[in-house]
Amino acid sequence: HKGRTPEEVVKKYLQKVRNPPEEDCTICMEALGGPSGYKGPDMTSVSRTESIGRLTQCGHLYHLQCLVAMYKNGNKDGSLQCPTCKTIYGVKTGNQPPGKMEYHVIPHSLPGHPDCKTIRIIYNIPSSIQGPGHPDPGKPFTARGFPRHCYLPDNEKGRKVLRMLLVAWDRRLIFSVGTSSTTGESDTVIWNEIHHKTEFGSNLTGHGYPDPGYLDNILQELKAQGITEEEEKLQ
Ligand code: APR
Ligand code: ZN
C-alpha cells in the first residue's frame with residue numbers, strides 16, 4: 001500500500017455501481033444517490049459513477065468519500081473493514097507497541113483439560129513513547145502488569161490457537177494503547193479484542209479455566225481480526 005493514496009486503497013476493494021438504490025449510506029446516513037456527508041474541504045468532486053461503490057466480497061454499498069474518511073480515521077495500513085459485516089479487505093494490522101512474545105509447555109493440566117499439558121504464553125511490553133497510530137503520538141504510555149502470562153491447553157485446538165496468536169502478534173493485534181477499562185488509566189497498554197486466559201489454576205477474574213467455550217470463542221475473535229486457519233497455513 002506504500003505510496004497509495006487513501007482513495008486508491010479504498011477503490012481497490014470497490015466495484016462501480018451504476019444505479020444507486022434508494023437507500024442511505026450507513027456511514028453518513030445520507031442517501032446513496034446524493035453526496036457524502038463527509039465532503040471535506042480537501043475532497044474534490046467525484047464523478048457520478050464513482051461517488052458510490054460496492055465492496056467486492058460482501059456487496060455492501062457506501063459513498064466512496066465515506067469509506068475514504070473512515071480509512072483515514074484508522075491506522076492506514078492498506079486494509080479496510082466493512083463497517084456493516086466486518087469483512088476484512090487486505091491484511092488488517094493494529095497499533096500494538098514493540099515488545100516480546102514467548103511460549104513454552106509446562107507439565108501441568110488446566111482445570112477442564114485433565115488429559116494434556118499447558119502452553120504458557122508470556123507477553124512483555126515495556127513502557128515507552130507513543131508513535132504514529134497511537135492516541136497521542138509523542139506522549140509516554142505506561143505498561144502495567146507485564147510480563148503477562150496466558151494459558152492454553154496443549155492439545156490440537158490449543159496449538160492451532162497458539163499458531164494464530166503468533167500471526168496476530170506479528171500483525172500487532174494483541175495489545176493496543178488506550179484507556180484501561182479495568183483501571184481507568186489512559187495512555188496505557190491494554191488488551192485488544194482477543195481474549196486471553198491469564199489465570200492458571202483458578203478463575204477469580206473470569207479470565208481463567210474451566211471455560212468449555214473458550215477455544216471456540218477465541219477462534220471467532222481471531223477471525224474478526226482477519227486471522228483464519230487458512231492464513232495460518234500460508235505463514
Ligand atoms: N486477564 C485477561 N483479560 C482481561 C483481564 C485479565 N485480568 N482484565 C481485563 N481483560 C480483558 C477485558 O475483558 C477486556 O475485554 O481485556 C479487555 C480490555 O480490558 P482492559 O481492562 O481495558 O485491559 P487491560 O487494562 O489491559 O487489562 C487489565 O489485565 O492482564 C491483566 O495485568 C493486567 O490487571 C490487568 C488487567
Ligand atoms: Zn459488508
Side-chain angles (χ1 to χ4, degrees), residues 73-75 77 81 83 86 88 92-106 108-113 116-137 139-155 157-228:
N73 247 337
N75 61 345
D77 60 4
Q81 189 158 21
K86 311 295 174 203
I88 294 167
K92 181 178 175 170
T93 61
N95 66 0
Q96 174 183 286
K100 220 162 70 177
M101 174 182 183
E102 295 174 323
Y103 63 91
H104 51 251
V105 174
I106 54 175
H108 304 283
S109 298
L110 286 163
H113 295 282
C116 65
K117 296 180 187 176
T118 299
I119 300 164
R120 176 163 61 199
I121 304 171
I122 304 173
Y123 294 111
N124 216 336
I125 294 184
S127 58
S128 183
I129 305 294
Q130 296 182 50
H134 290 147
D136 210 340
K139 193 180 166 183
F141 65 85
T142 57
R144 309 291 183 194
F146 287 95
R148 294 189 186 184
H149 290 196
C150 311
Y151 304 95
L152 290 170
D154 186 22
N155 56 24
K157 209 164 183 177
R159 287 189 290 268
K160 174 165 109 178
V161 168
L162 172 65
R163 291 193 297 273
M164 292 165 75
L165 286 174
L166 290 163
V167 175
W169 173 265
D170 284 341
R171 295 184 188 175
R172 304 176 62 201
L173 291 166
I174 305 231
F175 295 95
S176 181
V177 173
T179 300
S180 167
S181 51
T182 303
T183 65
E185 187 179 20
S186 62
D187 301 291
T188 193
V189 180
I190 52 173
W191 292 109
N192 196 18
E193 281 156 26
I194 303 168
H195 281 84
H196 285 66
K197 292 296 191 190
T198 52
E199 278 189 70
F200 178 78
S202 56
N203 191 7
L204 304 171
T205 58
H207 303 287
Y209 290 91
D211 181 351
Y214 176 60
L215 293 177
D216 287 325
N217 289 342
I218 191 172
L219 286 169
Q220 275 306 309
E221 292 176 335
L222 285 157
K223 191 173 167 209
Q225 301 294 326
I227 299 164
T228 61

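We count ligands from 1, going down the list as the structure has it; atoms in each ligand are counted the same way.
- In this structure, Q225 CD and T93 OG1 are separated by 10.5 Å, a value rounded to the nearest 0.5 Å.
- Salt bridge status for R159 with D154: present, with a side-chain N to carboxylate O gap under 4.0 Å.
- With sequence neighbours excluded, no residue satisfies ring-ring contact (aromatic ring centres under 6.0 Å, His included) with Y103.
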Report every pair formed by an N or O atom of ligand 1 and a protein N or O atom separated by less than 3.5 Å, giving atom names and the distance to 0.1 Å.
| residue | atom | partner | partner atom | Å |
| --- | --- | --- | --- | --- |
| ligand 1 | 1 (N) | T198 | OG1 | 2.6 |
| ligand 1 | 3 (N) | H207 | ND1 | 3.3 |
| ligand 1 | 10 (N) | H207 | NE2 | 3.4 |
| ligand 1 | 13 (O) | H195 | NE2 | 3.3 |
| ligand 1 | 15 (O) | H195 | NE2 | 2.7 |
| ligand 1 | 19 (O) | S181 | OG | 3.3 |
| ligand 1 | 21 (O) | S180 | OG | 3.4 |
| ligand 1 | 21 (O) | S181 | N | 3.4 |
| ligand 1 | 21 (O) | S181 | OG | 3.2 |
| ligand 1 | 21 (O) | T182 | N | 2.9 |
| ligand 1 | 21 (O) | T182 | OG1 | 2.4 |
| ligand 1 | 22 (O) | S181 | N | 2.7 |
| ligand 1 | 22 (O) | S181 | OG | 3.0 |
| ligand 1 | 25 (O) | S180 | OG | 2.6 |
| ligand 1 | 26 (O) | R148 | NH1 | 2.8 |
| ligand 1 | 26 (O) | R148 | NH2 | 3.4 |
| ligand 1 | 26 (O) | W191 | N | 3.0 |
| ligand 1 | 29 (O) | W191 | NE1 | 3.4 |
| ligand 1 | 30 (O) | W191 | NE1 | 3.3 |

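- Partners of Y151 by ring-ring contact (aromatic ring centres under 6.0 Å, His included), not counting sequence neighbours, listed by chain and number: F200.
- If you check the side chains of N192 and Q96, you find no donor sitting under 3.5 Å from an acceptor.
- Remark: H113 engages Y209 in a ring-ring contact (aromatic ring centres under 6.0 Å, His included) (not counting sequence neighbours).
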